[in-house]
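One structure is given here, and the rest of the page talks about it.
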Amino acid sequence: MQNFRTIKGTHDLLPNELNLWREVENFVHTLMQQNGYGEIRTPAFENTELFVRGIGTDTDIVTKEMYSWTDQGGNTLTLKPELTAPVARAYLQHQMGNQNPIHRLYYIDALFRRERPQKGRQRQFHQFGAEAIGSSNPEQDAEIISLAYNIFKKFDIQNMSVRLNSIGNAEIRPVYLENLRSSVKKIKLKLCATCQTRIEKNALRLFDCKNTHCQELLDEHAPLIFDSISDKDQAHFEMVTRILNEIEIPYFHDKKLVRGLDYYSHTTFEVTSSVLGAQDALCGGGRYNGLIEQLGGKSTPAVGFAAGIERLILAIDKQNISENSPNIYLIHFGDETTVTASKIANDLRLNCGKTVVMETLRRSFKSQMREAGRCGAKTTIILGEKELAANKIIVKDMSTGNQNEVPISDINQFFNKTS
RNA sequence: GUGGCUGUAGCUCAGUUGGUUAGAGCGCCUGACUGUGGCUCAGGAGGUCGUGGGUUCGAAACCCAUCAGCCACCCCA
């Protein structure tokens, strides 16, 4: 007989850990709504071509990480590996641009990439994120950055840093890359092996090399993309930083920060925390003024971010996680008590708003008492044969051990009073 | 896709140069306490030793393969 288990890189989330997940999700909903963002949910899979066009043909995601298949009708489909392209697709499909010049959208969703799992990286993972479509102005960039920042701040993430840069518009990219390649080729042989291959394959990623020797060489010889962008784009960036200063978001202008997906332009940012290990990015984002047009719409400015929920959970200090224990544990025993106990539990939940857990295993009285103590119930209700015969229950306060007798007819009134 | 480390009870882990019936702590169940939790004590349930082959009289241990987990490379959230 085969033992079934979760597929490599996927995980079950059990009730215990989901308490924290729900806390995170609830706060995301609250904060987003507070900022005027509306939730969007897109399908789990899309046409493969959407991601190829959106993310970029040469990116790792598209070339080797997508879960793609051909269905029985011959359609080439892909489980979504990121959400910016699907959101942009939805924006176009529903002609949202014609309804309103600006749309603020957010999501919480599961994504799929076939990577080798490690800390902070799994094959099915979850992100929340926001996309503001329509404004090209720097205050929109700052708003997006503040959304991400405020969520991490709320959960008191340690050793957090916000890195910020601008990579200018898409037109200057080829010019800059040419410039970069020719400068770096002069020092090619002094660089590490991976950097040497990156010169042709993905020159921007040279700046991500963890080898300090390579970084020193690059500092000396490589031109920085920020220095090659237009005055207008530099002024845009300047304005973003002015707003961040004013709203007290600490950031570091990292002139080497680049992003991996092709659709980014202008402002790019990343929030990292060293408590995460190698996969230290909590969130990444930036402008993507060219994406909507790339997908067949008219030129529309947009900016957004995406953050990994698993990574956020990893980075949260779990010291003070609140267990949710029931208000009331309802103990009953004897042949005739079950029906009445069920009725009492139902009334307390519906009429008094109590969290009530009722015994359904029919364990011994002692076991039920132990269970009531273990699950942290503040109050225990005892309904035995004697109580049933007398039409009353015993209400026991678990911290003091005090007991009261309450007539069954007065239960709702009693518990409404004690809130 | 590449490399390193690791798989024994629900959890954390012992298990001697290969040798009878594989252990402990925590957790769970029952009882001492015939209707009162936490403390204590006693008893009990729970294992195809990740899986499949091989070596051997004999494998949890040795060999091969495979799967999974962790960490790193790579990449990214």
Side-chain angles (χ1 to χ4, degrees), chain A residues 1-11 14 16 55 58-65 81-84 107-129 148 151-152 192-195 197-198 201-202 205 208-211 258-261 264 269-273 276-286 304-315 329 331-334 337 361 363-387 394-403:
Chain A
M1 178 69 164
Q2 186 184 357
N3 280 326
F4 291 109
R5 36 174 310 127
T6 50
I7 303 302
K8 185 189 187 98
T10 69
H11 296 282
L14 302 180
N16 238 342
I55 303 170
D58 297 328
T59 58
D60 277 24
I61 293 178
V62 168
T63 55
K64 47 192 183 198
E65 294 174 2
E82 63 101 50
L83 266 160
T84 302
Y107 54 78
I108 300 177
D109 212 340
L111 302 173
F112 308 87
R113 293 182 199 173
R114 196 180 184 290
E115 295 185 275
R116 185 82 174 262
Q118 73 182 78
K119 185 175 182 182
R121 188 169 79 183
Q122 37 275 126
R123 290 180 173 185
Q124 175 174 342
F125 61 105
H126 299 79
Q127 288 187 342
F128 60 85
I151 287 165
F152 301 135
C192 72
T194 41
C195 276
T197 63
R198 277 196 273 230
K201 206 186 90 187
N202 197 347
R205 296 226 75 86
D208 285 341
C209 185
K210 283 161 189 162
N211 185 324
V258 294
R259 299 223 50 80
L261 310 183
Y264 285 111
F269 71 98
E270 194 169 275
V271 181
T272 58
S273 169
L276 284 175
Q279 307 298 318
D280 65 352
L282 278 163
C283 105
F305 81 90
I309 299 180
E310 284 85 354
R311 290 185 188 180
L312 174 55
I313 300 280
L314 274 175
Y329 195 89
I331 289 176
H332 66 96
F333 52 93
T337 56
L361 281 176
R363 283 175 287 194
S364 70
F365 181 59
K366 190 183 181 69
S367 289
Q368 294 191 46
M369 214 46 223
R370 200 166 23 228
E371 178 67 23
R374 178 177 32 217
C375 73
K378 294 171 194 68
T379 305
T380 297
I381 291 177
I382 300 165
L383 177 68
E385 283 165 324
K386 279 191 285 190
E387 289 76 19
I394 295 173
V395 176
K396 174 170 178 146
D397 182 310
M398 294 300 273
S399 55
T400 64
N402 293 341
Q403 299 190 173

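Chain letters run A, B, ... following the sequence lines, proteins first and then strands; every chain starts at 1.
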Between [atom2] on [N] and [atom1] on [X], what's the gap in Å once rounded to a whole number?
X	N	atom1	atom2	answer
A:R363	B:G31	CZ	P	12 Å
A:H332	B:U36	NE2	C1'	16 Å
A:R374	B:G37	CZ	C1'	10 Å
A:I331	B:U36	CD1	P	11 Å
A:N402	B:G37	CG	P	15 Å
A:R123	B:G1	CZ	C1'	10 Å
A:L83	B:C76	CG	C1'	15 Å
A:E371	B:G27	CD	C1'	13 Å

If I pick the [atom1] atom on [M] and the same atom on [N], what distance separates them, to the nearest angstrom?
N	M	atom1	result
B:A72	B:C13	C1'	25 Å
B:C49	B:A60	C1'	5 Å
B:C74	B:U56	P	46 Å
B:U12	B:G69	P	15 Å
B:G10	B:U21	P	22 Å
B:C11	B:U51	P	15 Å
B:G46	B:C29	C1'	10 Å
B:A22	B:G50	P	15 Å

Return yes when atom NZ of A:K378 has more than 12 non-hydrogen atoms of other residues, nucleotides or ligands closer than 6.0 Å, and no otherwise.
yes
Tell me if the CG atom of A:L361 is crowded by more than 12 foreign heavy atoms within 6.0 Å.
yes
Does [X] have any side-chain hydrogen bond (donor to acceptor under 3.5 Å, both in side chains) partners at least two apart in sequence or in another chain, and if so, which?
X	answer
A:T272	A:S161
A:Y329	A:E359
A:R205	A:D208
A:R113	none

Contiguous pairing runs of three or more, Watson-Crick or G-U under 3.5 Å, that involve RNA chain B:
B:1-7 with B:67-73, B:10-13 with B:23-26, B:28-32 with B:40-44, B:50-54 with B:62-66
Presence of [X] side-chain N/O under 4.0 Å of [N] phosphate oxygens OP1/OP2:
X	N	answer
A:R311	B:C76	no
A:R370	B:U36	no
A:R198	B:C75	yes

Partner residues of A:D280 under the salt bridge (Lys or Arg N to Asp or Glu O under 4.0 Å) criterion, sequence neighbours left out:
none
Who pairs with A:K386 by salt bridge (Lys or Arg N to Asp or Glu O under 4.0 Å), at least two apart in sequence or on another chain?
none
Which atom pairs link the protein and nucleotides 39-47 of chain B when you take only N or O atoms and keep those under 3.5 Å?
none

Could you pull out every donor-acceptor pair under 3.5 Å between side chains of residues 115-124 of chain A and any protein atom, sequence neighbours left out?
| residue | atom | partner | partner atom | Å |
| --- | --- | --- | --- | --- |
| A:Q118 | OE1 | A:R121 | NH2 | 3.4 |
| A:R121 | NE | A:R116 | O | 2.9 |
| A:R121 | NH2 | A:R116 | O | 2.7 |
| A:R123 | NE | A:E115 | O | 2.7 |
| A:R123 | NH2 | A:E115 | O | 3.4 |

When all nucleic acid strands are considered with a 4.0 Å heavy-atom cut-off, which category describes [X]: base, sugar-phosphate, or nothing?
X	answer
A:I394	base
A:G334	nothing
A:A372	nothing
A:F333	base
A:I382	base

Show me the donor-acceptor pairs, under 3.5 Å and distance only, between side chains in residues 367-374 of chain A and residues at least two apart or in other chains.
| residue | atom | partner | partner atom | Å |
| --- | --- | --- | --- | --- |
| A:S367 | OG | A:S364 | OG | 3.1 |
| A:Q368 | OE1 | A:H332 | N | 3.1 |
| A:Q368 | NE2 | A:H332 | O | 3.0 |
| A:Q368 | NE2 | A:R363 | O | 2.9 |
| A:E371 | OE1 | A:R374 | NE | 3.4 |
| A:E371 | OE1 | A:R374 | NH2 | 2.5 |

Check this for me: does the side-chain of A:E115 come within 3.5 Å of the base of B:G1 through a donor and an acceptor?
no
Can you tell me whether the side chain of A:Q368 and the base of B:U36 have a donor-acceptor pair closer than 3.5 Å?
no
Report the residue (A:E270 or A:K8) whose heavy-atom-nearest nucleotide on RNA chain B is the more 5′ of the two.
A:K8
By nearest-nucleotide position on RNA chain B, the 5'-leaning member of A:G401 and A:L282 is A:G401
Suppose we screen for side chain to side chain contact (heavy atoms under 4.5 Å, CB included). Which residues come up paired with A:T379, at least two apart in sequence or across chains?
A:I328, A:V395, A:F415
Check whether any side-chain N or O of A:E385 sits under 3.5 Å from a backbone N or O of A:T337 as a donor-acceptor pair, and report yes or no.
no
To the nearest 0.5 angstrom, please state how far the CD1 atom of A:I331 sits from the CD atom of A:E387.
11.0 Å
Let's see if you can work this out: which of [options] has an atom nearest to the side-chain heavy atoms of [X]?
X	options	result
A:R205	B:U30, B:C76, B:A77	B:C76
A:R5	B:A68, B:C75, B:C29	B:A68
A:S367	B:A77, B:U36, B:U30	B:U30

Tell me, with the steps shown, if A:F128 and A:C283 meet side-chain contact (heavy atoms from CB on, under 4.5 Å).
CA-CA 9 Å; A:F128 60 85; A:C283 105; over 6 Å; no
Anything under 3.5 Å between a protein N or O and an N or O of nucleotides 70-72 of chain B, put it in a table, one pair a line.
| residue | atom | partner | partner atom | Å |
| --- | --- | --- | --- | --- |
| B:C71 | OP2 | A:K119 | N | 2.5 |
| B:A72 | OP1 | A:A278 | N | 3.1 |
| B:A72 | OP2 | A:Q118 | NE2 | 3.1 |

